[in-house]
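Note that the numbering runs from 1 along the sequence shown for the chain.
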Amino acid sequence: MELIRDIDYMGDGMACHFMDIYRGKKHDKKLPIMFNLHGGGFLLGKKEESHLFCAEMSQKGFLVFSLEYPLAPESLFPQILRDLMKGIKNSRVYFQKYNGDEERIYLTGTSAGASLCVYLAAMMQSPELADVFGVVPADLGIRAMGLASGMYYTTKMDSIGIFLPSCIYGKGWKKSSFYPYINPENKAILEHLPPSFLITVYGDSLRNYSRQYARAIQKSGGICHLEDLGPHKKLPHAFSTALPEIPESQYVNEKMVKFLMSY
């Protein structure tokens, strides 16, 4: 595997705008492209957390771009989306250099990264959604997404929703123009999602989020597969990317790859 570290995708020298590129050396044909976003509840996390997962995906034949992004509360949700969209657009200069196939682009993300994938993918198809967040969408088609232990809901009256909204959306979030779109089940989002593979497990602290969002996508007519490992095995949140070497992760990640590559 070849790893190209810390490419400045914004050109501003800020570490929050660095990305790593993973490429398997043994693949001669054009490689499907995967953009991967780490988790951390929008407040924490670094791209290195997904290092083993990205390395494995490159060995499975993907050209993987692992993007860092600015964190809340210093950068609010709209700004995070704007920066990531620019990062995706600016990554295009590396497609040809590293033999990437622009016709086959996929998004993967964990926890907060999964939520960001949902918005980024929908914005590429929904001018309404992109406009309300002030994002200029990339002219790229996302074939499918792989989403692990997603933090899709940020305003539920639970331990997350009590404190998180004002941190990631700002103090006046209920009066913002994007307030109706904070709900990921908004029509402008659900109707513009590519086929999605959702992963969760018994023991995942956000298991109910994945189960609810999978139902919402399916109800809207979208293509969605939920891989929910049941109570026979208790595993932690984000197990499939944090622990890609364990048998359960190998199983769900292989199924995810087959799902992605079918689109």
Side-chain angles (χ1 to χ4, degrees), residues 5-22 33-51 53-54 57 62-95 100 102 105-127 129-148 150-152 154 164 167-170 178 181-182 184 188-189 192-194 196 238 241:
R5 292 182 181 273
D6 295 333
I7 296 171
D8 186 351
Y9 66 75
M10 293 283 276
D12 59 9
M14 296 176 64
C16 64
H17 294 144
F18 286 178
M19 69 178 177
D20 296 337
I21 300 177
Y22 297 74
I33 295 165
M34 175 183 290
F35 287 97
N36 183 73
L37 303 180
H38 67 79
F42 305 101
L43 306 172
L44 303 166
K46 293 186 72 64
K47 57 182 168 57
E48 285 77 14
E49 293 174 7
S50 300
H51 171 68
F53 171 78
C54 292
M57 290 300 106
F62 290 91
L63 176 64
V64 183
F65 293 80
S66 179
L67 276 67
E68 195 82 77
Y69 53 87
L71 301 173
E74 288 77 17
S75 294
L76 299 180
F77 191 71
Q79 187 62 53
I80 296 172
L81 290 171
R82 286 193 285 270
D83 288 4
L84 280 172
M85 191 67 83
K86 285 183 180 179
I88 290 172
K89 286 194 290 187
N90 293 343
S91 298
R92 204 168 194 165
V93 299
Y94 297 101
F95 291 177
E102 193 169 319
I105 299 178
Y106 306 91
L107 292 181
T108 58
T110 304
S111 194
S115 176
L116 290 166
C117 285
V118 164
Y119 280 84
L120 291 166
M123 284 176 179
M124 292 186 197
Q125 301 299 322
S126 173
L129 184 64
D131 182 66
V132 77
F133 282 100
V135 174
V136 179
D139 183 22
L140 297 171
I142 305 301
R143 292 278 188 170
M145 297 191 295
L147 309 173
M151 185 181 280
Y152 308 108
T154 54
L164 194 60
C167 291
I168 65 174
Y169 301 121
F178 57 79
Y181 303 88
I182 289 174
I189 299 172
H192 294 94
L193 293 180
S196 302
T241 55

Chemist: Minimum heavy-atom separation for A130 and P137, please, with both atom names.
Modeler: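 Of all heavy-atom pairs spanning A130 and P137, the closest is CB-CD, 4.0 Å.
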Chemist: Looking only at heavy atoms, which two atoms of A112 and G40 are closest? And how far apart?
Modeler: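 Closest heavy-atom pair between A112 and G40: CB-N, 4.4 Å.
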Chemist: Test ring pair (Phe, Tyr, Trp, His ring centres under 6.0 Å) on F42 and F77 and set out the steps.
Modeler: CA-CA 8 Å; F42 305 101; F77 191 71; 5.7 Å; yes
Chemist: In the structure I gave you, are the side-chain heavy atoms of T154 and Y169 within less than 4.5 Å of one another anywhere?
Modeler: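 Yes - at least one pair of side-chain heavy atoms lies under 4.5 Å apart.
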Chemist: Between S66 and S50, does a side-chain hydrogen bond (donor to acceptor under 3.5 Å, both in side chains) hold up when you go through it step by step?
Modeler: CA-CA 8 Å; S66 179; S50 300; 5.7 Å; no
Chemist: Go through the steps for H51 and Y22 under the test side-chain hydrogen bond (donor to acceptor under 3.5 Å, both in side chains), then give the verdict.
Modeler: CA-CA 9 Å; H51 171 68; Y22 297 74; 2.9 Å; yes
Chemist: Would you find a donor on one side and an acceptor on the other, under 3.5 Å apart, between the side chain of Y181 and the backbone of F133?
Modeler: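 No, the answer is negative, given that no donor and acceptor are paired below the 3.5 Å cut-off.
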Chemist: In sequence, state the C-alpha distance, the side-chain angles, and the governing distance for H17 and D83, and then conclude on side-chain hydrogen bond (donor to acceptor under 3.5 Å, both in side chains).
Modeler: CA-CA 8 Å; H17 294 144; D83 288 4; 2.8 Å; yes
Chemist: Mind checking whether Y94 and F65 have parallel, tilted or perpendicular rings, split at 30° and 60°?
Modeler: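 Answer is tilted, since the angle falls between 30° and 60°.
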Chemist: Could you pull out the closest heavy-atom pair between L76 and C167, with the gap in Å?
Modeler: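 In terms of heavy atoms, the two residues are closest at CD2-O, 3.5 Å.
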Chemist: If every non-hydrogen atom of R5 is compared with every non-hydrogen atom of D20, which pair is closest and at what distance?
Modeler: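 In terms of heavy atoms, the two residues are closest at CA-OD1, 3.3 Å.
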Chemist: Any non-hydrogen side-chain atom of Y69 less than 4.5 Å from a side-chain atom of H38?
Modeler: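 SC-SC contact between Y69 and H38 confirmed.
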Chemist: Evaluate side-chain contact (heavy atoms from CB on, under 4.5 Å) for R92 paired with D139, printing each intermediate quantity in order.
Modeler: CA-CA 10 Å; R92 204 168 194 165; D139 183 22; 4.2 Å; yes
Chemist: Give a yes or no on this: more than 12 heavy atoms of other residues, nucleotides or ligands lie within 6.0 Å of atom NZ of K86.
Modeler: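 Open.
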Chemist: Grab the two heavy atoms, one from P70 and one from I80, that are nearest each other, plus how far apart they are.
Modeler: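 Minimum heavy-atom contact is O-CG1, 3.3 Å.
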Chemist: Within the distance-only criterion (no hydrogens, no angle test), does the side chain of Y9 pair as donor or acceptor with the backbone N or O of E68 below 3.5 angstrom?
Modeler: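 Yes, the answer is positive, given that a donor and an acceptor are paired below the 3.5 Å cut-off.
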Chemist: Could you pull out the closest heavy-atom pair between D6 and K47, with the gap in Å?
Modeler: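 Minimum heavy-atom separation between D6 and K47: OD1-NZ, 2.8 Å.
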Chemist: Do the non-hydrogen side-chain atoms of L140 and K89 ever get within less than 4.5 Å of each other?
Modeler: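 SC-SC contact between L140 and K89 ruled out.
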Chemist: Are any non-hydrogen side-chain atoms of I189 and V118 less than 4.5 angstrom apart?
Modeler: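 Answer yes - side chains close enough.
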Chemist: Mark yes or no for whether S126, through its side chain, and A122, through its backbone, hold a donor-acceptor pair below 3.5 Å.
Modeler: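 A pair under 3.5 Å: no.
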Chemist: With side chains defined as the heavy atoms from C-beta onward, is the minimum distance between T108 and M145 less than 4.5 Å?
Modeler: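 T108 does not reach M145 side chain to side chain.
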Chemist: Do T241 and T110 have side chains that get closer than 4.5 Å, going by heavy atoms?
Modeler: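 Yes, at least one pair of side-chain atoms sits under 4.5 Å.
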Chemist: Any side-chain heavy-atom pair from N36 and F53 closer than 4.5 angstrom?
Modeler: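 A side-chain contact under 4.5 Å exists here.
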Chemist: Does CG belonging to D12 count more than 12 external heavy atoms closer than 6.0 Å?
Modeler: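 Count over threshold, so yes.
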